[in-house]
Engineer: 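Just dropping this structure here.
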Number of protein chains: 2
Amino acid sequence: MSEPAAEEAARHRARMSKRKAVQDAEVAAKTIEKGLLVVHTGKGKGKSTAAFGLALRMLGHGRRAAVVQFIKGGWQSGERAALARFDDLLEWHTMGEGFTWETQDRARDIAACARAWAVSETLLRRQDIALVILDELNIALRYDYLALDSVLAALKARPSMQHVVITGRNAKAELLAQADLVTEMTPIKHHFAAGVRAQQGIEF
Amino acid sequence: MSEPAAEEAARHRARMSKRKAVQDAEVAAKTIEKGLLVVHTGKGKGKSTAAFGLALRMLGHGRRAAVVQFIKGGWQSGERAALARFDDLLEWHTMGEGFTWETQDRARDIAACARAWAVSETLLRRQDIALVILDELNIALRYDYLALDSVLAALKARPSMQHVVITGRNAKAELLAQADLVTEMTPIKHHFAAGVRAQQGIEF
């Protein structure tokens, strides 16, 4: 190695060594373990997909997970088929009957949400389930198809080590206040605008 | 149903019916099918997790996917274990040796990235792979561990129906310009700030 290159390598090592010390101290300072209330919101893609990725991670550790779909019906055949390989560890409840503009029947949507919430409440009491995904619950809350207070109370009363992921646009401020981890998925560029249709493996 | 309730139900139906017409027209207007170049960037969580969720979706359709990890080493044992159930359809290449502050050796990091890119180039020529995930490639590009021009050229020359997902903070502007779908994961609230440590099934 030439002398300037050796100096540059040494500088890099020193910089990274300092950064590692900071990083290690930060990791050491975090000692709490608890079930997290996670919210994926925003208008961008990836809210449900990242939740399914988390389910995958949890299942990979041999722990149990459950999914309740509040709004979507026939969509997401791809991950359903994939997750069928985990039916020893995963429970899946598709309660919604499609988007609200598909059913066009508010009373039926409210009834479907109430049924989905009843299932969710049972899951939120089970110690054996490490992760509960309440997919598109934010939509149900946004349209006032469910009482926010009961949802917040059930989340608060759940087993202390149970993780919950709630997805959907327009998350309520009260839910965000109670959450531990909130990520907003922001659309920067979308292929639909360029006339590209929904495709297998990407959208469904 | 009382008269006002019936009227409200009718109004809801009319509103949703109009919305469905708009929605259907939008869907019908999109006719192009193509392999998408997808970028997940931003400082928030969910970039890699959403990519793994997409892999799951693709595998669920019985199509082949491949993952190249540019930076991470021992992390993500959870999804690796889970995705092992798909080794008939999924190829996984962990090329990175950890974060740059772990190795503290720039030359070694550059060599690891070059090896990861060589594998990626092979994958980007294969017609049989429906989805290629280049995990944390943005980090390698950001530190100039790889030549941006070669990456952009290989992406452009790939099979026309192959989807690619690139993850990592600080995506280069030239990459975003070439991308079809870009989502930024924005952190709104993070449990690390409250002293909660990385936990099994969430971070790894």
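In this text the structure is predicted, and so the values were computed from the model without any measurement. Naming convention: chains lettered A, B, ... in sequence-line order (proteins, then strands); numbering from 1 in each chain. Computed from heavy atoms alone, side chains included, the values below leave out hydrogens, waters and symmetry copies.
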Engineer: Is the shortest side-chain N to carboxylate O distance from A/Arg85 to B/Asp88 below 4.0 Å?
Structural biologist: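 So A/Arg85 pairs with B/Asp88 through a salt bridge.
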Engineer: Taking every non-hydrogen pair under 4.5 Å, which of A/Gly195, A/Ala84, A/Gly53 racks up the most with chain B?
Structural biologist: A/Gly195
Engineer: So does A/Phe204 get a backbone contact from the side chain of B/His61, meaning a donor-acceptor N/O pair under 3.5 Å?
Structural biologist: yes
Engineer: Hey, what do you get for CZ (A/Arg80) to CG (B/Leu56), rounding to the nearest 0.5 Å?
Structural biologist: 12.5 Å
Engineer: Report yes if the side chains of B/Lys189 and A/Asp180 come closer than 4.5 Å at any heavy-atom pair, otherwise no.
Structural biologist: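 Result no, sub-4.5 Å side-chain heavy-atom pair not found.
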Engineer: Testing the basics here: between A/Gly60 and B/Ala81, what is the closest heavy-atom pair and its distance to 0.1 Å?
Structural biologist: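 Reported closest heavy-atom pair: O-CB, 3.3 Å.
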Engineer: Do any N or O atoms from the side chain of A/Glu33 and from the backbone of B/Arg197 form a donor-acceptor pair under 3.5 angstrom?
Structural biologist: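 Flag not set: sc A/Glu33 to bb B/Arg197 has no pair under 3.5 Å.
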Engineer: Heavy-atom distance under 4.5 Å to chain B: side chain of A/His190, backbone, both or neither?
Structural biologist: both
Engineer: Do A/Met58 and B/Gln200 come close enough that some side-chain heavy atom pair is under 4.5 Å?
Structural biologist: no
Engineer: So with a 6.0 Å cut-off around CZ of B/Arg142, is the heavy-atom count from everything else above 12?
Structural biologist: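 No - once you tally the heavy atoms of other residues, nucleotides and ligands closer than 6.0 Å, there are 12 at most.
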Engineer: Rounded to the nearest 0.5 Å, how far does CD1 of A/Ile202 lie from CG of B/Leu181?
Structural biologist: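 Separation between the atoms: 8.0 Å.
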Engineer: Start with the C-alpha gap between B/Met185 and A/Glu184, add the side-chain angles, then the distance that decides, and say whether side-chain contact (heavy atoms from CB on, under 4.5 Å) holds.
Structural biologist: CA-CA 6 Å; B/Met185 276 60 172; A/Glu184 186 168 300; over 6 Å; no
Engineer: Can you see which heavy atom on B/Gly46 is nearest to which on A/Ala50, and at what distance?
Structural biologist: O-CB, 4.1 Å
Engineer: Pick whichever of A/Lys18, A/Glu8, A/Arg15, A/Lys34 has the most heavy-atom pairs under 4.5 Å with chain B.
Structural biologist: A/Lys34
Engineer: Answer yes or no: is there a side-chain heavy-atom contact under 4.5 Å between A/Met16 and B/Arg106?
Structural biologist: no
Engineer: Answer with side chain, backbone, both or neither: which region of A/Leu176 has an atom nearer than 4.5 Å to a non-hydrogen atom of chain B?
Structural biologist: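 Backbone of A/Leu176 only, per the 4.5 Å heavy-atom cut-off to chain B.
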Engineer: Which residue out of A/Gly201, A/Gly44, A/Ala194 racks up the most heavy-atom pairs below 4.5 Å with chain B?
Structural biologist: A/Gly201
Engineer: Non-hydrogen atoms of chain A under 4.5 Å away: do they reach the side chain of B/Ala130, the backbone, both or neither?
Structural biologist: neither
Engineer: For the pair A/Arg57 and B/Thr49, evaluate side-chain contact (heavy atoms from CB on, under 4.5 Å) and give the outcome as yes or no after the intermediate values.
Structural biologist: CA-CA 9 Å; A/Arg57 188 169 289 165; B/Thr49 315; 3.5 Å; yes
Engineer: Take the angle between the ring planes of A/Phe86 and B/Phe86 and call it parallel below 30°, perpendicular above 60°, tilted in between.
Structural biologist: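 Ring orientation of A/Phe86 relative to B/Phe86: tilted.
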Engineer: Decide yes or no for B/His163 and A/Gln199: does some side-chain heavy atom of the first lie under 4.5 Å from some side-chain heavy atom of the second?
Structural biologist: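 SC-SC contact between B/His163 and A/Gln199 confirmed.
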Engineer: At a heavy-atom separation under 4.5 Å, does B/Leu36 approach chain A through its side chain, its backbone, both, or neither?
Structural biologist: side chain
